Structure formats: structure tokens, C-alpha cells
Amino acid sequence: MADITIKGLTFEPYISQEEIAKQVERVAAEVKRDCVTDSPVFVCVLKGAFMFAAHLYRAINMPKSEIAFIRYKSYSGTETTGEMNKILGLNDDITGREVIIIEDIVDTGLTAHALRQDIEAMSPMSVKMVTLLYKPASLKVGKEPEYVGFEIPPKFIIGYGLDLDEQARGLSDIYVLKENNNQLHNNMLNIVIFGAPGSGKGTQSENLIAHYKLFHISTGDVLRDHIKRGTELGKTAKEFIDQGQLIPDELMIGILAQVIDDNKELAQNGVIFDGFPRTIPQAEALETLLNERGTCVSAVVGLEVPEQELIDRLVKRGQMSGRSDDNEETIKKRLDVYHNQTSPLQEFYKEKGLYRAIKGIGTIDGIFEDIKAAIDSINA
């Protein structure tokens with residue numbers, strides 16, 4: 001098995017078809033052993049589980065059993081709502097029947113939990129779930145699947161039914177997004193900057209870039225640029241966004257790694273990360289990414305401005321620019337989201353001795369002097 005490139009991203013072999021076949025046979029034996037009737041209904045979740053379902057169903061070999069197909073998808077929009085929309089439904093009467101759901105992968109558990117609830121509402125005798133891949137560290141909703149082929153860490157996987165923008169489903173083996181081990185150097189100055197809307201983060205980021213000769217990575221800008229240019233990466237990101245899904249952390253980390261590795265010369269002095277990380281798992285993933293390249297996060301700067309001051313600044317900006325989203329009600333919601341996201345991250349970086357709170361009120365030059373002093377104190 002050799003590395004492959006899909007949509008401009010490199011994937012390396014992860015699970016071979018021989019390993020898959022062995023685990024499918026094992027899981028099939030366990031499912032068949034536990035069935036209390038000879039005519040269960042197997043429900044295959046499209047699209048990803050079709051290869052696994054076909055393999056598993058043959059291996060179980062219960063002539064009186066039936067197989068049905070269902071497709072679930074998040075409601076479209078720019079944010080995940082937590083609701084699910086059944087595209088293709090289960091039309092058979094399963095009252096009193098033994099039901100086994102076949103999934104390709106269970107990570108957050110959102111789809112699996114919604115599907116269990118819908119099927120349980122149809123009065124079956126029992127409902128169990130079998131999945132080829134399970135990411136226990138990613139589970140947020142619902143219960144663990146009863147049958148698991150492989151437990152894996154939170155990595156971005158393709159092949160054997162799992163896709164990247166509808167490609168790679170037909171691969172016989174499973175591949176994982178490759179982590180590029182291009183080494184940087186350990187004296188880089190890598191800064192994570194936090195700042196609520198209206199805090200002046202953009203201005204101070206520009207000052208940091210100019211003063212320390214840093215390479216600026218804004219995840220939002222990277223994604224918007226690729227979407228605007230219609231690159232393969234942009235199409236992939238847009239697919240997730242259009243389905244109301246957050247871009248998987250594993251894919252986002254892969255994108256960041258690619259940006260850093262493609263710009264090693266520009267990033268030789270260091271990188272300023274803007275808009276990432278937003279969660280502790282992302283912060284841990286960023287730490288791993290940098291450590292693999294012989295460097296690390298050097299400092300974390302948080303621009304702190306009283307909320308009413310932020311509201312006043314943004315309302316004024318809205319009046320000057322005509323931006324419809326800069327009204328007080330919308331602003332408060334945006335600030336709530338920001339504070340909920342960054343509060344755990346502040347504690348995460350405080351424990352590492354990297355976080356420095358900077359008062360974001362005063363002159364631009366005065367605030368920047370405080371930022372420089374804070375960064376230099378960590379890296380003295």
C-alpha cells in the first residue's frame with residue numbers, strides 16, 4: 001500500500017483490506033451469536049456504510065433476515081443545529097422486530113443517536129448498532145455501539161466507503177490523513193491571539209506580524225480564499241459548510257499543516273494563529289502538530305475589553321459601514337459564543353504558563369507595547 005493524494009491532501013495506508021476482512025468476520029460472528037430471532041432487520045446507513053454492510057451481511061448469512069437502507073443528513077445552513085433530516089426513510093414495518101443498525105463510523109454520535117431514537121419510536125423488539133470504526137474520544141451524544149470493528153483515535157479517514165467530497169469511497173483499504181513531518185526549528189516565535197469582535201485583534205495581529213516578521217495564518221481567511229477560488233480544498237470545505245456541519249478538526253489540522261509546510265521560508269521566524277484553536281481538542285492537536293515539527297506555541301495573547309465597550313465599538317462600526325449584523329442583539333450573541341469558546345482555552349493555556357491577558361483599552365501603540373512586553377517575558 002502506497003500513499004495516495006485526494007483533493008490535494010496526502011493520505012497514508014492505515015487499515016488493510018485483510019485486516020478489515022478479519023474484523024468483519026469477527027463482528028459478524030458476534031452479531032449472529034447474539035441474535036434472538038432468525039429474521040432480524042439490518043439497517044444500512046448510506047452512503048458510507050454500503051461496503052461494510054455488504055461485507056457484513058454476507059458474513060452473517062441469515063437467509064430469513066432483511067436489509068433496508070436509510071440516509072441521514074444534517075439540515076443545511078451555516079451552522080450545525082443539532083437536528084437531523086431523514087433523506088431516505090425506513091418504510092418497512094419493524095414492530096416487534098430485532099433491528100441491527102450498520103454504520104461505517106461513529107464519532108460524535110449525532111447521527112447514531114438520532115437514528116436510534118427514530119427506530120426505537122417504531123416499536124421494534126430491540127435496537128443494536130454495529131460500526132466498522134469507532135472514535136471513543138470524539139463521542140459527545142448517545143451510547144457506545146454494541147459491536148465495533150476498530151477503535152481509532154480522532155483522525156480523518158477515507159476509503160472502504162468513507163469519502164472526501166464523494167471521492168475515495170471505492171478504495172479497498174482505509175487511509176488516514178498524513179501528518180507531514182517537515183521539521184522547522186525550535187527558536188520560532190509562534191503566537192496564538194485571542195480577541196472578541198471589536199477588541200482590535202486584527203490591528204494588533206498586523207503589528208505583531210510586522211514587528212516579529214511572523215507568518216499569519218487565519219483559518220477563516222484560508223477557507224474563504226479556497227472557497228472563492230474554487231480549489232479542491234475549497235470545494236471540500238464548502239461541502240461540510242453547506243450540509244450545516246463543522247469542518248472536522250482532523251481535516252482542519254491537516255490544512256494547517258499543509259499551509260505551514262508549504263510556507264516554511266515565510267514561517268521561519270514564527271507563525272501567528274488567528275481563529276484557531278477554538279476548542280481544547282484543537283489546542284491539543286495544534287500542540288502535536290508543532291511538536292512534530294520541532295517547535296511549539298510560544299505565547300498566547302488575549303485582548304480583554306469590557307463587554308459594553310465592545311458593543312459600543314461594534315455598533316459604531318455598523319453605523320459607519322452599514323453592516324446589518326452589527327446591531328446590539330446580534331453582537332451580544334456573537335460575544336456570548338466567543339466567551340463560551342475561549343474561556344476553557346484560557347484556562348488550558350494558563351496552566352501551561354503561556355497565557356497573557358492584555359487590556360485592550362488605550363492607544364494602539366500603548367496596547368502593542370504591553371503585548372510585546374508580555375511575549376518577551378514568556379520567552380526571555
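Worth knowing before you read on, the calculation uses all heavy atoms, side chains too, and leaves out hydrogens, waters and symmetry mates. Only a predicted model underlies this, so the values are computations on that prediction, with no experimental measurement involved.
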Chemist: Once side-chain contact (heavy atoms from CB on, under 4.5 Å) is applied, do any residues pair with K238, and if so which ones, sequence neighbours excluded?
Modeler: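 Applying side-chain contact (heavy atoms from CB on, under 4.5 Å) to K238 gives I227, D242.
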Chemist: Rounded at 0.5 Å granularity, tell me how far OH in Y160 sits from CD1 in I20.
Modeler: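 The distance works out to 6.0 Å.
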Chemist: With a 4.5 Å limit on heavy-atom distance, are the side chains of D274 and I217 in contact?
Modeler: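 With C-beta onward as the side chain, the pair stays apart.
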Chemist: For the pair K32 (side chain) and I60 (backbone), establish whether a donor and an acceptor sit closer than 3.5 Å, ignoring hydrogens and angles.
Modeler: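 Checking the backbone N and O of I60 against the side chain of K32, a donor-acceptor pair under 3.5 Å is found.
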Chemist: Decide yes or no for L214 and I191: does some side-chain heavy atom of the first lie under 4.5 Å from some side-chain heavy atom of the second?
Modeler: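 Counting from C-beta outward, L214 and I191 do come under 4.5 Å.
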Chemist: Should R293 and D261 count as an ion pair when the cut-off is N to O under 4.0 Å?
Modeler: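 Salt bridge flag = yes for D261 with R293.
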Chemist: Could I get the full list of side-chain contact (heavy atoms from CB on, under 4.5 Å) partners for S172, not counting sequence neighbours?
Modeler: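 With neighbours one apart ignored, the set is Q17.
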Chemist: Please name all residues satisfying side-chain hydrogen bond (donor to acceptor under 3.5 Å, both in side chains) with E347, sequence neighbours left out, ordered by chain then number.
Modeler: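 Per chain and number, E347 pairs via side-chain hydrogen bond (donor to acceptor under 3.5 Å, both in side chains) with no residue.
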Chemist: Return each pair, listed once, that meets ring pair (Phe, Tyr, Trp, His ring centres under 6.0 Å) where at least one residue sits in residues 9-62; pairs must be two or more places apart or across chains.
Modeler: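 Pairs touching residues 9-62 that pass the test: F42-Y57.
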Chemist: Identify whether M122 and V43 are in the same connected component of the hydrophobic contact network (ILVMFWY, side-chain heavy atoms under 4.5 Å).
Modeler: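 Yes.
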Chemist: Taking the side chain as every heavy atom from C-beta outward, state whether R116 and K143 have any pair of such atoms under 4.5 Å apart.
Modeler: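 Result yes, sub-4.5 Å side-chain heavy-atom pair found.
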Chemist: Enter the distance from I367:CD1 to Q204:CD here, rounded to the nearest 0.5 Å.
Modeler: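 Between atom CD1 of I367 and atom CD of Q204 there are 5.5 Å.
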Chemist: Please report the C-alpha distance between E19 and K22 in whole Å, then the side-chain angles of each, then the deciding distance to 0.1 Å, and finally whether the salt bridge (Lys or Arg N to Asp or Glu O under 4.0 Å) criterion is met.
Modeler: CA-CA 5 Å; E19 292 175 289; K22 182 178 178 180; over 6 Å; no
Chemist: Would you give the length of the straight line joining atom CD of Q346 to atom CD of E304, rounded to the nearest 0.5 angstrom?
Modeler: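 The distance works out to 5.5 Å.
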Chemist: By the ring pair (Phe, Tyr, Trp, His ring centres under 6.0 Å) test, which pairs, at least two apart or in different chains, include something from residues 357-378?
Modeler: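 Output for this query lists H211-F368.
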Chemist: Checking side chain to side chain contact (heavy atoms under 4.5 Å, CB included) against I311, which of Q308, R313, E309 comes through?
Modeler: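 For I311, the side chain to side chain contact (heavy atoms under 4.5 Å, CB included) check succeeds only for Q308.
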Chemist: Kindly indicate, with the supporting measurements, whether the criterion side chain to side chain contact (heavy atoms under 4.5 Å, CB included) is fulfilled by D336 and Y338.
Modeler: CA-CA 5 Å; D336 285 343; Y338 171 78; over 6 Å; no
Chemist: Please answer whether the main-chain N or O of K201 pairs with a side-chain N or O of S205 as donor and acceptor at a distance below 3.5 Å.
Modeler: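 Side chain of S205 to backbone of K201, a donor-acceptor pair under 3.5 Å: yes, one is there.
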Chemist: Which atoms form the tightest heavy-atom contact between P136 and I152, and what is the distance?
Modeler: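 Heavy-atom minimum between the residues: CD-O, 3.7 Å.
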Chemist: Tell me, please, which residues at least two apart from K228 pass side-chain contact (heavy atoms from CB on, under 4.5 Å).
Modeler: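 None.
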Chemist: Assess whether a salt bridge exists between R97 and E66, defined as any Lys/Arg side-chain N lying under 4.0 Å from an Asp/Glu carboxylate O.
Modeler: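 Looking at R97 and E66, the cut-off is met.
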Chemist: Consider only side-chain N and O atoms of T363 and D365, and report whether a donor and an acceptor are under 3.5 Å apart.
Modeler: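 No pair is found: no donor N or O on one side chain lies under 3.5 Å from an acceptor on the other.
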Chemist: Provide the full list of ring pair (Phe, Tyr, Trp, His ring centres under 6.0 Å) pairs with a residue in residues 187-206, sequence neighbours left out, each pair given once.
Modeler: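 As it turns out, there is no ring pair (Phe, Tyr, Trp, His ring centres under 6.0 Å) pair with a partner in residues 187-206 once direct neighbours are skipped.
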Chemist: Could you list the residues that satisfy side-chain hydrogen bond (donor to acceptor under 3.5 Å, both in side chains) with T203, not counting sequence neighbours?
Modeler: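 Per chain and number, T203 pairs via side-chain hydrogen bond (donor to acceptor under 3.5 Å, both in side chains) with no residue.
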Chemist: Find out whether I157 and L177 are in side-chain contact, i.e. whether some heavy atom of one side chain is under 4.5 Å from a heavy atom of the other.
Modeler: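 No; the side chains remain at least 4.5 Å from each other.
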Chemist: Give a yes or no on whether a salt bridge exists between E328 and K332, defined as a side-chain N under 4.0 angstrom from a carboxylate O.
Modeler: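 Salt bridge between E328 and K332, a charged N being under 4.0 Å from a carboxylate O: yes.
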Chemist: Under the salt bridge (Lys or Arg N to Asp or Glu O under 4.0 Å) rule, what do D221 and R224 come out as? Steps first, then yes or no, please.
Modeler: CA-CA 5 Å; D221 288 348; R224 282 189 291 270; 2.8 Å; yes
Chemist: For the residue pair T131 and D104, confirm or rule out a side-chain donor-acceptor distance under 3.5 Å.
Modeler: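 Per modelled atom types, T131 and D104 side chains form no pair under 3.5 Å.
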Chemist: Do the side chains of L290 and L266 join up, straight or via other hydrophobic residues, at under 4.5 Å, putting them in one cluster?
Modeler: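 In one cluster with L290: L266, yes.
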Chemist: Taking NZ, NE, NH1 and NH2 as the nitrogens, is one of them in R33 or E30 under 4.0 Å from a carboxylate oxygen of the other?
Modeler: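 No, this pair does not count.
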Chemist: Minimum heavy-atom separation for I119 to P124, with atom names?
Modeler: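 So the minimum-distance heavy-atom pair works out to O-CD, 3.1 Å.
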Chemist: Which residues pass the salt bridge (Lys or Arg N to Asp or Glu O under 4.0 Å) test with R229, not counting sequence neighbours?
Modeler: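 With neighbours one apart ignored, the set is D225.
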Chemist: Within the side chain of R356, is there an N or O that forms a donor-acceptor pair under 3.5 Å with the backbone of G302?
Modeler: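 Flag not set: sc R356 to bb G302 has no pair under 3.5 Å.
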Chemist: Hey, does D107 have a side-chain heavy atom less than 4.5 Å from the side chain of L139?
Modeler: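 No, every pair of side-chain atoms sits at 4.5 Å or beyond.
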Chemist: Where do D34 and E98 come nearest, in terms of heavy atoms and distance?
Modeler: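 Minimum heavy-atom separation between D34 and E98: O-OE2, 4.0 Å.
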Chemist: If you measure only the distance, is there a donor-acceptor pair under 3.5 Å linking the side chains of E151 and Y134?
Modeler: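 No.
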Chemist: Is there a donor-acceptor pair under 3.5 Å between the side chain of T288 and the backbone N or O of E284?
Modeler: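 Pair found, side chain donor or acceptor close to backbone of E284.
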Chemist: Any side-chain heavy atom of D3 within less than 4.5 Å of one from Y175?
Modeler: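 A side-chain contact is absent here, since even the closest heavy-atom pair is not under 4.5 Å.
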Chemist: Tell me, please, which residues at least two apart from L354 pass side-chain contact (heavy atoms from CB on, under 4.5 Å).
Modeler: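 L354: side-chain contact (heavy atoms from CB on, under 4.5 Å) contacts with V297, V300, Y349, K352, I378.
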Chemist: What's the separation between atom CD1 in I272 and atom CG in L208, rounded to the nearest 0.5 Å?
Modeler: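 That separation rounds to 4.5 Å.
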Chemist: From I260 CD1 over to K264 NZ, what is the distance, rounded to the nearest 0.5 angstrom?
Modeler: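 Answer for the CD1-NZ pair, I260 versus K264, is 12.0 Å.
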Chemist: Closest heavy-atom contact between P197 and L314?
Modeler: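 Where P197 meets L314 most closely, the heavy atoms are O-CD1, 3.4 Å.
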Chemist: Of all residues at least two apart in sequence or in a different chain, which pass the ring pair (Phe, Tyr, Trp, His ring centres under 6.0 Å) check with F276?
Modeler: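 By the ring pair (Phe, Tyr, Trp, His ring centres under 6.0 Å) rule, F276 matches no residue at all.
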Chemist: Looking at S343 and N340, would you say the former's side chain and the latter's main chain have a donor-acceptor pair under 3.5 Å?
Modeler: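 Between the backbone of N340 and the side chain of S343 there is no qualifying donor-acceptor contact (under 3.5 Å).
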Chemist: Of the non-hydrogen atoms in S199 and L303, which two are nearest, and what is the gap between them?
Modeler: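 Heavy atoms only, the tightest pair is O-CD1, 4.0 Å.
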Chemist: Testing the basics here: between L289 and I253, what is the closest heavy-atom pair and its distance to 0.1 Å?
Modeler: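 Answer, listing the atom of L289 first, then I253: CD1-O, 3.5 Å.
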Chemist: Rounded to the nearest 0.5 Å, what separation is found between the CD atom of Q167 and the CD1 atom of I6?
Modeler: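 Output value for this atom pair is 5.5 Å.
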Chemist: Who are the side-chain hydrogen bond (donor to acceptor under 3.5 Å, both in side chains) partners of E120, not counting sequence neighbours?
Modeler: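 Listed in chain order: nothing, the list is empty.
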Chemist: Any chance CD1 of I364 has more than 12 other-residue heavy atoms, nucleotides or ligands included, within less than 6.0 Å?
Modeler: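 Atom CD1 in I364 is not packed in, count stays at 12 or less.
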Chemist: Are L223 and V337 connected in the hydrophobic side-chain network, where two residues link if heavy atoms are under 4.5 Å apart?
Modeler: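 As far as the 4.5 Å side-chain criterion goes, V337 and L223 are not connected within one cluster.
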Chemist: Is any side-chain N of the basic residue among D370 and K359 closer than 4.0 Å to the acidic one's carboxylate O?
Modeler: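 Salt bridge flag = no for K359 with D370.
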Chemist: Any side-chain heavy atom of M252 within less than 4.5 Å of one from Q282?
Modeler: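 Counting from C-beta outward, M252 and Q282 never come under 4.5 Å.
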Chemist: If you apply the rule side chain to side chain contact (heavy atoms under 4.5 Å, CB included), what do you find for I102 with L56, and how did you get there?
Modeler: CA-CA 9 Å; I102 305 175; L56 182 72; 4.0 Å; yes
Chemist: Should M125 and M129 be counted in the same cluster of Ile, Leu, Val, Met, Phe, Trp and Tyr side chains packed under 4.5 Å apart?
Modeler: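 No, it is not one cluster - the side chains of M125 and M129 are not joined through contacts under 4.5 Å.
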Chemist: Any side-chain heavy atom of I331 within less than 4.5 Å of one from L310?
Modeler: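 Counting from C-beta outward, I331 and L310 never come under 4.5 Å.
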